[in-house]
**Q** 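Sending over a structure as structure tokens; questions will come in a sec.
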Protein chains: 2
Amino acid sequence: MTDQSKTAKLACIQVEAMLCFDLYSTHHAVGQVYKPLLAPLGVTYPQYLVLTVLWASDNLTVGAIGERLYLESSTLTPLIKRLEGQGLVKRKRDREDERKVRVKLTKAGDAMRADVQHIPTCLTEAFGVPMPELMGVHETLGKIRAALKKQAEAEARGDA
Amino acid sequence: MTDQSKTAKLACIQVEAMLCFDLYSTHHAVGQVYKPLLAPLGVTYPQYLVLTVLWASDNLTVGAIGERLYLESSTLTPLIKRLEGQGLVKRKRDREDERKVRVKLTKAGDAMRADVQHIPTCLTEAFGVPMPELMGVHETLGKIRAALKKQAEAEARGDA
DNA sequence: CACGACTTAATCGTATGCAATAGAAGGATG
DNA sequence: CATCCTTCTATTGCATACGATTAAGTCGTG
């Protein structure tokens, strides 16, 4: 192995370790900040994400919610049932297509929108980083995500 | 509410939604790329992280591993037991302090180091973004993480 | 030395998360 | 209109992940 390829490999190891772990642990840290903000409302962060999707566009199917959040029905079905158990949403088979299940906010679920108004501001302030820098990260993460998805699909096809 | 504060609130909602979800979904996408790379070795991504820590510094206690990965003993104990079940590590009570459990790589666990050499390069290439840009994200995420931790601690103290 | 405070790992209960599979419903094709 | 194929949700089994608690060991202080 040449010195140059050694250096390149070392750089890769460091970047992989750094960035993957950055994502892993920053994601984790975000969850820790959300937890006490959401606890008074009795919902978890993934449940809050589902509600956020519904606040933007109500009466979606399970599949449509999953598309937006990159989650499978095996994750969403029990999660949504818990939301239903708390009286925040209602599940109903679609009349037109009985395979689909439509998830609709209840009055309580819709009203909770008002109880979370402070959260986005809390988070953005908690980031402690000026807006333009956040935008830069947003942009790069978008590119990375697109590239990773392509990679995952390539591997799934077998041409690793 | 003034027009200005309305605009500020909207910006916060968008930034919160964007960035938290960026982290959520990019983290998810990373996992999807690792999965087929690690599957032939029979380990999961969190298990790989534990092995990576041990490859860098063997014979650590459960607590020391948790510190590095931000994981609790309730997560690590069963995970490490699974690694032990696969013959990759060995758990042993510390002679000096019987409260501690030391985790040590077996020959097989140490040998696996060679089987993962290609992975960092795969990941770095899969990111599809030039190195300097990755460094920028690394830096900003570090700042965000530090700020979020401070925020989480403040909330834990009750001064929300 | 005894006793309480602290540390450490393990356990328990709950909630994600995924892959694989099942099962019901819709659609296409002959 | 019967059969196959696809679509969509639900179920199952496994692996994280955390908070709260427990249990065992260590240490400091009176």
Side-chain angles (χ1 to χ4, degrees), chain A residues 24-25 27-36 38-39 41-51 60-67 69-86 88-89 91-103 152 155-156, chain B residues 23-36 38-39 41-51 60-67 69-86 88-89 91-103 152 155-156:
Chain A
Y24 185 84
S25 62
H27 172 252
H28 178 268
V30 165
Q32 293 302 101
V33 173
Y34 269 112
K35 196 167 298 181
L38 293 173
L41 307 173
V43 297
T44 65
Y45 180 52
Q47 289 169 7
Y48 167 73
L49 287 179
V50 168
L51 291 174
L60 292 173
T61 65
V62 172
I65 297 171
E67 249 175 59
L69 298 178
Y70 304 106
L71 293 175
E72 309 294 321
S73 73
S74 45
T75 301
L76 282 175
T77 296
L79 189 159
I80 293 170
K81 282 184 178 174
R82 277 185 284 273
L83 286 177
E84 189 176 33
Q86 296 175 55
L88 298 173
V89 304
R91 285 154 15 98
K92 217 184 71 181
R93 287 279 163 189
D94 189 321
R95 286 284 169 80
E96 312 272 320
D97 184 343
E98 292 277 341
R99 290 172 305 181
K100 297 178 183 171
V101 167
R102 298 228 164 246
V103 183
E155 278 165 355
Chain B
L23 292 167
Y24 184 85
S25 61
T26 311
H27 171 252
H28 176 268
V30 166
Q32 294 302 102
V33 173
Y34 270 113
K35 194 167 301 180
L38 293 173
L41 307 173
V43 297
T44 65
Y45 180 52
Q47 290 168 5
Y48 168 73
L49 287 179
V50 169
L51 291 174
L60 292 172
T61 66
V62 172
I65 296 170
E67 249 175 58
L69 299 179
Y70 305 106
L71 293 175
E72 309 295 321
S73 72
S74 44
T75 301
L76 282 175
T77 296
L79 189 157
I80 293 170
K81 282 185 179 173
R82 277 187 284 273
L83 286 177
E84 189 175 33
Q86 296 175 56
L88 298 173
V89 304
R91 286 152 15 96
K92 217 183 70 181
R93 287 277 164 192
D94 189 320
R95 286 282 170 83
E96 311 273 318
D97 184 342
E98 290 277 341
R99 292 171 303 182
K100 298 179 182 170
V101 167
R102 298 226 165 250
V103 183
E155 277 164 357

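Convention: sequence-line order gives letters A, B, ...; per-chain numbering from 1. Please read all numbers here as calculations on a predicted model, not as lab measurements.
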**Q** From CD of B/Glu72 over to P of D/dT22, roughly how many Å is that when rounded to an integer?
**A** 18 Å
**Q** For A/Leu71 and A/Ile65, run side chain to side chain contact (heavy atoms under 4.5 Å, CB included): C-alpha distance rounded to whole Å, both residues' side-chain angles, the deciding distance at 0.1 Å, then the answer.
**A** CA-CA 8 Å; A/Leu71 293 175; A/Ile65 297 171; over 6 Å; no
**Q** Under the ring-ring contact (aromatic ring centres under 6.0 Å, His included) test, which residues partner A/His27, sequence neighbours left out?
**A** B/Tyr24, B/His27
**Q** Would you say a side-chain N or O of A/Gln32 is under 4.0 Å from OP1 or OP2 of D/dA17?
**A** no
**Q** Using whole Å, what does the distance between atom C1' of nucleotide D/dA15 and atom CD of B/Gln86 come to?
**A** 11 Å
**Q** Measure CD1/A/Ile65 against C1'/D/dA10 and give the value in whole Å, please.
**A** 15 Å
**Q** Measure from CG on A/Asp94 to P on C/dA24 and round the result to the nearest Å.
**A** 19 Å
**Q** Calculate the interatomic distance between A/Glu96 atom CD and D/dC8 atom C1'; express it in whole Å.
**A** 16 Å
**Q** How long is the line joining NE2 of B/His28 and P of D/dT16, in whole Å?
**A** 16 Å
**Q** Going through the checks in order, is the side chain to side chain contact (heavy atoms under 4.5 Å, CB included) test met by A/Leu88 and A/Val43?
**A** CA-CA 10 Å; A/Leu88 298 173; A/Val43 297; 3.8 Å; yes
**Q** So B/Tyr34 and B/Tyr48, would you call those rings parallel, tilted or perpendicular, with 30° and 60° as cut-offs?
**A** tilted
**Q** Nearest 0.5 Å please: distance from the CD atom of B/Gln86 over to the CZ atom of B/Arg82.
**A** 9.0 Å
**Q** Between side-chain atoms of residues 93-100 of chain B and protein atoms elsewhere (two or more places apart, or another chain), which donor-acceptor pairs fall under 3.5 Å?
**A**
unit_1: B/Arg93; atom_1: NH1; unit_2: B/Glu98; atom_2: O; d: 3.0
unit_1: B/Arg93; atom_1: NH1; unit_2: B/Arg99; atom_2: O; d: 2.9
unit_1: B/Asp94; atom_1: OD1; unit_2: B/Glu96; atom_2: N; d: 2.7
unit_1: B/Asp94; atom_1: OD1; unit_2: B/Asp97; atom_2: N; d: 3.4
unit_1: B/Asp94; atom_1: OD2; unit_2: B/Arg102; atom_2: NE; d: 2.8
unit_1: B/Asp94; atom_1: OD2; unit_2: B/Arg102; atom_2: NH2; d: 3.2
unit_1: B/Asp97; atom_1: OD1; unit_2: B/Arg99; atom_2: N; d: 3.0
unit_1: B/Asp97; atom_1: OD1; unit_2: B/Arg99; atom_2: NE; d: 3.0
unit_1: B/Asp97; atom_1: OD2; unit_2: B/Arg99; atom_2: NE; d: 3.4
unit_1: B/Asp97; atom_1: OD2; unit_2: B/Arg99; atom_2: NH2; d: 2.7

**Q** Does OP1 or OP2 of C/dG17 have a side-chain N or O of B/Tyr24 closer than 4.0 Å?
**A** yes
**Q** Could you state the atom-to-atom distance from OH of B/Tyr34 to C1' of D/dA15 in whole Å?
**A** 18 Å
**Q** In B/S/- notation, 5' to 3', how is nucleotides 1-13 of chain C contacted by protein heavy atoms closer than 4.0 Å?
**A** ------BSBBBB-
**Q** OP1 or OP2 of C/dG17 versus the side-chain N and O atoms of A/Tyr45: is any pair under 4.0 Å?
**A** no
**Q** Rounded to whole angstroms, how far apart are CG on A/Leu60 and C1' on D/dT9?
**A** 15 Å
**Q** Reading DNA chain C from 5' onward, which residue's closest nucleotide shows up sooner: A/Leu79 or A/Arg95?
**A** A/Leu79
**Q** Examine D/dT16: is either OP1 or OP2 under 4.0 Å from a nitrogen or oxygen in the side chain of B/Gln47? Give yes or no.
**A** yes
**Q** Which residue, B/Lys35 or A/Glu98, contacts DNA chain C at a nucleotide closer to its 5' end, judged by nearest heavy atom?
**A** B/Lys35
**Q** With rounding to the nearest 0.5 Å, note down the distance linking CG in B/Leu38 to CD in B/Gln47.
**A** 9.0 Å
